[in-house]
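Keep in mind the model is a prediction, meaning the values are calculated, not measured.
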Amino acid sequence: MVVALRLGYPIVLCRLVSSRTQSLGLGNLKPSNVSPQNHRRPISSESSNKASFTVNYLIKSCGLSPEEAKLAATKVELQSPKGADSVLALLSSHGLSETQILRVVKSYPRVLVADPEKTLAPKIEFFSSVGLSRVDLARVLTFNPQLLSRSLENQIVPSYNLLRSLISEENVVAVLKRRSWLFLENHSRNVMPNIELLRELGMPRACMSLLVAHDTQVLMHNNEDLAQVIDEVRGMGFDLKKSTFVVALRALCGKSYRAIWNRNREIYIKCWGWSDDDVLSAFRKSPQCMILSEKKIMETMDFLVNKMGWPAAMIPTFPIILCFSLENRIIPRCSVVKVLMKKGLVDENMSLAYAVLPAEKRFLERFMTRYLSQVPNLISVYEGELEVQDV
């Protein structure tokens with residue numbers, strides 16, 4: 001049949017092969033045969049043979065270890081190799097490697113009893129039709145094989161249409177690659193209520209699109225919990241109409257992110273002497289600084305404070321610097337500035353933010369082009385080929 005996807009743009013038609021049912025075949029159920037005398041299930045040689053066949057197939061055809069195969073066999077029972085062989089051939093034909101197929105089967109054994117033509121192929125073809133490359137499709141299915149268990153018409157297509165009504169096709173593909181579990185979600189439970197809540201509060205479309213494209217998991221939180229976080233973020237002084245609100249929402253939404261926020265607060269205060277006001281100020285200016293790894297914070301602060309002599313108390317004024325790459329941006333630029341200071345070409349009291357914050361072109365104009373005639377080796381310093389002390 002032909003399914004029309006209404007996206008708020010020209011209708012996209014995808015020719016999909018559908019079946020009257022999207023459920024996966026489960027094989028023949030074992031008869032109960034409960035004895036009224038002792039209520040015990042007799043062990044039949046037929047059931048034992050089927051279990052043994054399933055385990056052997058999982059080991060020899062799918063590459064599972066004996067232990068993995070025994071566990072998977074508790075979730076699926078194969079009647080013959082024919083159907084399972086067809087499933088493996090289908091996955092292979094769409095670019096999944098043997099290792100990827102092993103992971104799919106290990107995570108979702110019942111894929112082997114799905115109908116490859118009526119159930120699996122239409123879903124795979126749909127994901128390909130919306131822009132997933134062959135390589136990305138293989139990665140997505142390996143990471144989240146449960147996608148193949150969902151109804152194409154009732155879950156996958158509606159999920160795509162919801163996303164497409166809010167973000168570009170390119171960003172939908174990005175969500176599929178990074179946050180594909182949204183396609184498993186019952187949207188009426190949390191996603192839609194959360195979107196409506198943010199709309200009612202006045203979040204503009206641009207911020208909503210940013211949230212959906214890059215922080216999709218926020219929308220999957222319980223509606224009441226998200227409402228509390230929204231109130232908390234607004235209470236910290238964030239403007240719901242700015243992109244920083246979206247990042248702040250992610251930083252405080254969910255136990256794992258909040259734990260990172262609390263850990264980083266302790267690092268800034270105990271290790272670098274910041275006050276609570278400094279932490280809040282930095283968070284308002286650059287929410288990303290509160291969700292960095294401990295290693296990233298410590299290495300960047302150590303370089304700026306201990307190697308470049310920048311006061312730790314000054315960094316909350318320019319917290320975005322903490323988010324820049326230490327190896328690719330901070331160290332190369334600071335090394336150039338250090339050489340120029342050493343030669344008396346720039347003021348030693350100059351703020352490093354003047355060198356680290358500007359775009360690449362502006363930095364090169366300020367600190368490279370202007371002084372190359374006086375310090376020819378400056379390019380070598382910038383590219384890491386020459387140490388500061390050797391200039």
Side-chain angles (χ1 to χ4, degrees), residues 166-167 171 174-175 178-179 194-195 197-199 201-223 225-301 303-305 310 312-326 328-330 352-353 356-359:
L166 296 167
I167 56 179
N171 280 330
V175 171
R178 298 192 311 266
R179 303 279 187 266
N194 288 336
I195 289 175
L197 172 62
L198 290 165
R199 280 174 173 164
L201 292 173
M203 177 173 279
R205 183 181 178 86
C207 289
M208 186 72 74
S209 297
L210 183 66
L211 178 63
V212 173
H214 299 284
D215 298 301
T216 319
Q217 72 278 9
V218 169
L219 296 172
M220 298 169 66
H221 283 279
N222 176 274
N223 183 247
D225 293 342
L226 182 61
Q228 291 179 1
V229 177
I230 290 171
D231 288 341
E232 182 181 3
V233 172
R234 296 177 79 182
M236 289 179 167
F238 286 91
D239 185 348
L240 188 135
K241 296 183 179 181
K242 294 183 178 180
S243 61
T244 50
F245 186 94
V246 174
V247 184
L249 202 59
R250 175 181 48 157
L252 292 171
C253 199
K255 293 181 180 179
S256 59
Y257 274 110
R258 188 172 289 271
I260 293 172
W261 196 98
N262 289 331
R263 179 203 67 196
N264 289 350
R265 172 185 172 276
E266 292 298 307
I267 291 173
Y268 289 128
I269 291 175
K270 292 184 177 180
C271 299
W272 302 104
W274 290 15
S275 65
D276 273 317
D277 286 341
D278 289 333
V279 171
L280 186 56
S281 174
F283 185 49
R284 285 198 197 103
K285 293 175 181 177
S286 180
Q288 298 97 320
C289 74
M290 294 303 293
I291 53 178
L292 297 172
S293 70
E294 180 177 358
K295 179 181 178 182
K296 168 64 174 164
I297 293 173
M298 293 301 291
E299 288 183 349
T300 304
M301 290 291 290
F303 179 81
L304 294 173
V305 175
W310 208 15
M314 286 295 295
I315 296 176
T317 308
F318 309 103
I320 187 63
I321 290 176
L322 293 167
C323 305
F324 294 152
S325 169
L326 186 62
N328 298 328
R329 182 165 182 157
I330 297 176
L352 290 180
V356 179
L357 290 178

Undergrad: Let's go through Met208 and Val246 carefully: what are the C-alpha distance in whole Å and the side-chain angles of both, what is the deciding distance for side-chain contact (heavy atoms from CB on, under 4.5 Å) to 0.1 Å, and is it a yes or a no?
TA: CA-CA 8 Å; Met208 186 72 74; Val246 174; over 6 Å; no

Undergrad: If you take all heavy atoms of Ala251 and Ile291, which pair is closest and at what distance?
TA: CB-CG2, 3.5 Å

Undergrad: Flag the pair Leu249 / Tyr257 as yes when at least one side-chain heavy-atom distance between them is below 4.5 Å, and no otherwise.
TA: no

Undergrad: How many angstroms lie between atom CD1 of Ile315 and atom CD1 of Ile297, to the nearest 0.5 angstrom?
TA: 11.0 Å

Undergrad: Could you measure the distance from the CZ atom of Phe283 to the CE atom of Met290? Nearest 0.5 Å is fine.
TA: 7.0 Å

Undergrad: Got Phe238 and Pro287 here, is their nearest side-chain heavy-atom distance under 4.5 Å?
TA: yes

Undergrad: Indicate the atoms forming the closest heavy-atom contact of Ala282 with Cys289, along with that distance.
TA: O-SG, 3.8 Å

Undergrad: What verdict does the side-chain contact (heavy atoms from CB on, under 4.5 Å) test give for Lys285 and Phe318, after you've listed the backbone C-alpha separation in whole Å, the side-chain angles of each residue and the deciding distance to 0.1 Å?
TA: CA-CA 8 Å; Lys285 293 175 181 177; Phe318 309 103; over 6 Å; no

Undergrad: Among all residues two or more places apart in sequence or in another chain, which pass the salt bridge (Lys or Arg N to Asp or Glu O under 4.0 Å) test with Lys255?
TA: none

Undergrad: We want to know whether Asp278 and Ser275 form a side-chain donor-acceptor pair, criterion being a heavy-atom distance below 3.5 angstrom.
TA: yes

Undergrad: To check you understand the geometry: which heavy-atom pair defines the closest contact between Val218 and Arg250, and what is its length?
TA: CG2-CA, 3.9 Å

Undergrad: Under 3.5 Å, side chain of Asn194 to main-chain N/O of Leu226, donor-acceptor pair present?
TA: no

Undergrad: Donor-acceptor pair, distance only, cut-off 3.5 Å: does the side chain of Ser209 make one with the backbone of Ile167?
TA: no

Undergrad: Would you check, one step at a time, whether the test side-chain contact (heavy atoms from CB on, under 4.5 Å) holds for Ile321 with Trp310?
TA: CA-CA 12 Å; Ile321 290 176; Trp310 208 15; 3.4 Å; yes

Undergrad: Find the distance between CZ (Arg258) and CG (Leu252) and round it off to the nearest 0.5 Å.
TA: 4.5 Å

Undergrad: Nearest 0.5 Å, what's the CD-CG distance between Gln217 and Leu211?
TA: 8.5 Å

Undergrad: Quick check: closest heavy atoms across Ser286 and Ile320, and the distance to 0.1 Å?
TA: OG-CD1, 3.5 Å

Undergrad: Working to the nearest 0.5 angstrom, can you tell me the gap between Lys296 NZ and Cys323 SG?
TA: 7.5 Å

Undergrad: Consider side-chain contact (heavy atoms from CB on, under 4.5 Å). Of Arg234, Gln228, Met236, which one does Glu232 pass it with?
TA: Met236

Undergrad: Please report the interatomic distance CD1(Ile269) to CG(Asn264), rounded to the nearest 0.5 Å.
TA: 11.0 Å

Undergrad: Please report the closest heavy-atom contact between Trp274 and Pro316, naming both atoms and the distance.
TA: CE2-CG, 3.4 Å

Undergrad: Under 4.0 Å between a side-chain nitrogen and a carboxylate oxygen: does that hold for Arg179 and Asp215?
TA: no

Undergrad: Under the side-chain contact (heavy atoms from CB on, under 4.5 Å) criterion, do Ile195 and Leu219 qualify, and how do the steps go?
TA: CA-CA 7 Å; Ile195 289 175; Leu219 296 172; 4.1 Å; yes

Undergrad: Any sub-3.5 Å donor-acceptor pair from Arg329's side-chain atoms to Leu357's backbone N or O?
TA: yes

Undergrad: Looking at every heavy atom in both Ile260 and Leu292, which two are closest together, and how far apart are they?
TA: CG2-O, 4.1 Å

